[in-house]
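Here's the structure we're looking at; comments come further down.
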Amino acid sequence: TVLRLLRMRSKIFLGVAAAVIAFFGSVYGFQRPFREYPGIEYNDFPLPADWRQNAEWTFARLMYPPYTGRRNLGFGGFYRFRGDWTHGNSIWTQDYPRADRHFLLALRRLSRIDARPVEQPVNLDDDDDVFNWPWLYAVQVGQWQLTDRQAAKLREYLLRGGFFMGDDFWGSAQWEVFEESMKRVLPERSAVDLDDSSPIFHSVYDLDNRYQVPGARYLSTGVTEKCENCPPYWRGIYDDKGRVMVALTMDSDLGDSWEWADDPRYEERFSALGIRIGVNYIVYAMTH
């Protein structure tokens, strides 16, 4: 009876796996080709030798227009990056592409996900392109400012089953800027704190004991917080079925933990947690 049950479960798993592979294979056929833009930190980061390799999954990074208000966002703000955000050199390129490619190296080593070696910048204004990328990551979302059209597109993306991860935003002012756009995306839903028991923290690694993941400034200051009294929050927005469709790492900087993972000055425990959270979120997004 046990063997029969195991065989039955194996057949179900193989059937589901085949369907998932077929789905991603069909999606791949409509995806835009790889593209790269200059970043505010990197303009000539080398491409990996296998960057042309086809794969079933891609790390998609959201491009977005920067905040144009006069609110004090702390840390000097990024008012100087107000050029044409559609061609890079804007706040959405923070840590890009080094963080993305370091994380992809780790993801390929730690999982069996067939991940593309390079990231994909995704613009919500590019017709329906966003629907070809089931995972979407954005950094510095406390300094974004989505247009109404972009907010509507992101809403449709999420309600169709897409997954969005927002990272590296700090303090109440940046939270308010983030919410101004997100409330136009999902006006009927609010972000809530994710419990330790949430499946998103146990999809691969058990991550009950999380701690603040600092940015690179920690290397010179020794302080993990970017602002005073800014403890880490792990928040999410659920869909009607209880699935996390938006995951938010507020008052932590996972992008820097990926970006500086090869620097011996940046403590291993921070990169270890940052990478594990990323892996968990991706596997959760693929299985829920």
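Bear in mind that the values here come from a model prediction, so they are computed numbers and not experimental data.
With respect to the salt-bridge test (charged N to carboxylate O, under 4.0 angstrom), the residues Lys183 and Glu176 do not qualify. Classification of Lys241 and Asp239 as a salt-bridged pair fails, no side-chain N sitting under 4.0 Å from a carboxylate O. With salt bridges taken as basic N to acidic carboxylate O contacts below 4.0 Å, one links Asp196 and Arg210. Salt-bridge formation is detected for the pair Arg108/Asp50: a Lys NZ or Arg NE/NH1/NH2 atom is positioned less than 4.0 Å from an Asp or Glu carboxylate oxygen. Ion pairing of Glu36 with Arg101 is present here, as a side-chain N (NZ or NE/NH1/NH2) and a carboxylate O approach within less than 4.0 Å.
For the residue pair Leu146 and Pro65, the shortest heavy atom distance occurs at CA-CG, 4.5 Å. Pairing each heavy atom of Ala261 with each of His102, the nearest pair is N-ND1, 4.5 Å. When all heavy atoms of Asp95 and Glu41 are compared, the pair lying nearest together is N-OE1, 2.5 Å. Smallest separation of non-hydrogen atoms from Ala247 and Ile200: CB-CD1, 4.3 Å. Counting all heavy atoms, side chain and backbone alike, Ile91 lies closest to Pro66 at CG2-CB, 3.9 Å. Of all heavy-atom pairs spanning Gly278 and Phe103, the tightest one is C-CZ, 3.6 Å.
Qualifying ring-ring contact (aromatic ring centres under 6.0 Å, His included) partners for Tyr238, counting only residues two or more places apart in sequence or in other chains: none. Remark: Ser111 engages no residue in a side-chain hydrogen bond (donor to acceptor under 3.5 Å, both in side chains) (not counting sequence neighbours). Listed by chain and residue number, nothing satisfies the ring-ring contact (aromatic ring centres under 6.0 Å, His included) test with Trp234 (two or more places apart in sequence, or in another chain). For Phe201, there are no ring-ring contact (aromatic ring centres under 6.0 Å, His included) partners, not counting sequence neighbours.
Here the side chain of Thr93 pairs no donor or acceptor atom with the backbone of Tyr96 at under 3.5 angstrom. A donor-acceptor pair under 3.5 Å links the side-chain atoms of Arg35 to the main chain of Pro121, judged by distance alone. A distance-only check finds a donor-acceptor pair linking the side chain of Thr221 to the backbone of Val223 [under 3.5 Å]. Looking only at distances, a side-chain donor or acceptor of Gln120 sits under 3.5 Å from a matching main-chain atom of Pro33. Side-chain atoms of Asp167 never come within 3.5 Å of backbone atoms of Val139 as a donor-acceptor pair (strictly under, hydrogens ignored). In terms of modelled atom types and a separation under 3.5 Å, the side chain of Arg189 and the main chain of Ile237 share no donor-acceptor contact.
Arg116 is not listed as a side-chain neighbour of Asn54, based on a closest heavy-atom distance of 4.5 Å or more. Inter-residue side-chain proximity for Tyr281 and Thr249 is flagged as met; some heavy-atom pair is nearer than 4.5 Å. Counting only heavy atoms from C-beta outward, the side chains of Asn123 and Asp129 never approach each other to under 4.5 Å. Under the 4.5 Å side-chain criterion, counting only non-hydrogen atoms from C-beta, Gln143 is not in contact with Gln94. For the pair Asp253/Lys226, a side-chain contact is recorded, criterion being any heavy-atom separation below 4.5 Å from C-beta on. Side chains of Met286 and Ile113 form a contact here, defined as non-hydrogen atoms less than 4.5 Å apart. Between Arg155 and Pro187, some side-chain heavy-atom pair lies under the 4.5 Å cut-off. You'll find the side chain of Val118 stays beyond 4.5 Å of the side chain of Pro97, heavy atoms only.
Residue Val213 is grouped with residue Tyr205 when hydrophobic side chains (ILVMFWY) are merged at heavy-atom distances under 4.5 angstrom, including chains of intermediate members. Under the 4.5 Å side-chain heavy-atom criterion for grouping Ile, Leu, Val, Met, Phe, Trp and Tyr, Met245 is connected to Leu124 within one hydrophobic cluster. Both Met63 and Val185 belong to a single network of hydrophobic side chains, linked directly or stepwise wherever heavy atoms of I, L, V, M, F, W or Y lie under 4.5 Å apart. Linking Ile, Leu, Val, Met, Phe, Trp and Tyr whenever their side-chain heavy atoms come within less than 4.5 Å leaves Trp51 and Leu105 in two separate clusters. A single hydrophobic cluster is not seen to contain both Phe34 and Phe45; linkage of ILVMFWY side chains at heavy-atom distances under 4.5 Å, directly or through other members, places them apart.
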Stepwise side-chain contact (heavy atoms from CB on, under 4.5 Å) test for Leu73 and Val177: CA-CA 9 Å; Leu73 302 180; Val177 170; 3.6 Å; yes
Test side-chain contact (heavy atoms from CB on, under 4.5 Å) applied to Lys153 and Asp128, step by step: CA-CA 8 Å; Lys153 183 69 67 64; Asp128 289 338; 4.1 Å; yes
side-chain contact (heavy atoms from CB on, under 4.5 Å) evaluation trace for Trp57 with Leu104: CA-CA 11 Å; Trp57 185 90; Leu104 285 165; 3.9 Å; yes
Worked check of side chain to side chain donor-acceptor pair (under 3.5 Å) between Asp125 and Gln150: CA-CA 7 Å; Asp125 292 331; Gln150 291 165 349; 2.9 Å; yes
Residues Val141, Met250; criterion side-chain contact (heavy atoms from CB on, under 4.5 Å); working and verdict: CA-CA 10 Å; Val141 289; Met250 185 189 177; over 6 Å; no
Test log, rule salt bridge (charged side-chain N to carboxylate O under 4.0 Å, His left out), inputs Asp100 and Arg61: CA-CA 8 Å; Asp100 312 42; Arg61 174 180 281 254; 2.7 Å; yes
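Aromatic ring pairs are classed by plane angle as parallel below 30°, tilted from 30° to 60° and perpendicular above 60°; the pair Trp175 and Phe178 is tilted.
Residues Tyr233 and Trp170 keep their aromatic ring centres 6.0 Å or farther apart. Note: Tyr137 and Phe59 meet the aromatic proximity criterion, with ring centroids under 6.0 Å apart. Taking the six-membered ring where the residue is Trp, the centroids of Trp144 and Tyr67 are separated by 6.0 Å or more. For Tyr266 and Trp260, the ring centers sit 6.0 Å or farther from each other.
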Side chains of residues 268-276: which donor-acceptor pairs under 3.5 Å do they make with residues two or more places apart or in other chains?
residue: Arg269; atom: NE; partner: Glu267; partner atom: OE1; Å: 2.8
residue: Ser271; atom: OG; partner: Ser257; partner atom: O; Å: 2.6
residue: Arg276; atom: NH1; partner: Ala272; partner atom: O; Å: 3.3

I'd like a table of donor-acceptor pairs (distance under 3.5 Å, sequence neighbours excluded) in which one partner is a side-chain atom from residues 157-166, with atom names and distances.
residue: Tyr157; atom: OH; partner: Trp133; partner atom: O; Å: 2.8
residue: Tyr157; atom: OH; partner: Pro134; partner atom: O; Å: 3.0
residue: Tyr157; atom: OH; partner: Trp135; partner atom: N; Å: 3.4
residue: Tyr157; atom: OH; partner: Phe163; partner atom: O; Å: 3.3
residue: Arg160; atom: NE; partner: Glu156; partner atom: OE2; Å: 3.2
residue: Arg160; atom: NH2; partner: Glu156; partner atom: OE2; Å: 2.7

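To the nearest 0.5 Å, atom CD1 of residue Ile277 and atom CG of residue Leu254 are 5.0 Å apart.
In the model, Ser197 has no side-chain atom that pairs as donor or acceptor with a side-chain atom of Asp195 under 3.5 Å. Looking only at atom types and distance, the side chain of Ser181 has no donor-acceptor partner in the side chain of Gln145 under 3.5 Å away. Checking Asn280 against His202 by side-chain atom types alone, no donor-acceptor pair falls below 3.5 Å. Side-chain contact check for Gln212 and Thr224: at least one donor-acceptor pair (N or O, by modelled atom type) lies under 3.5 Å.
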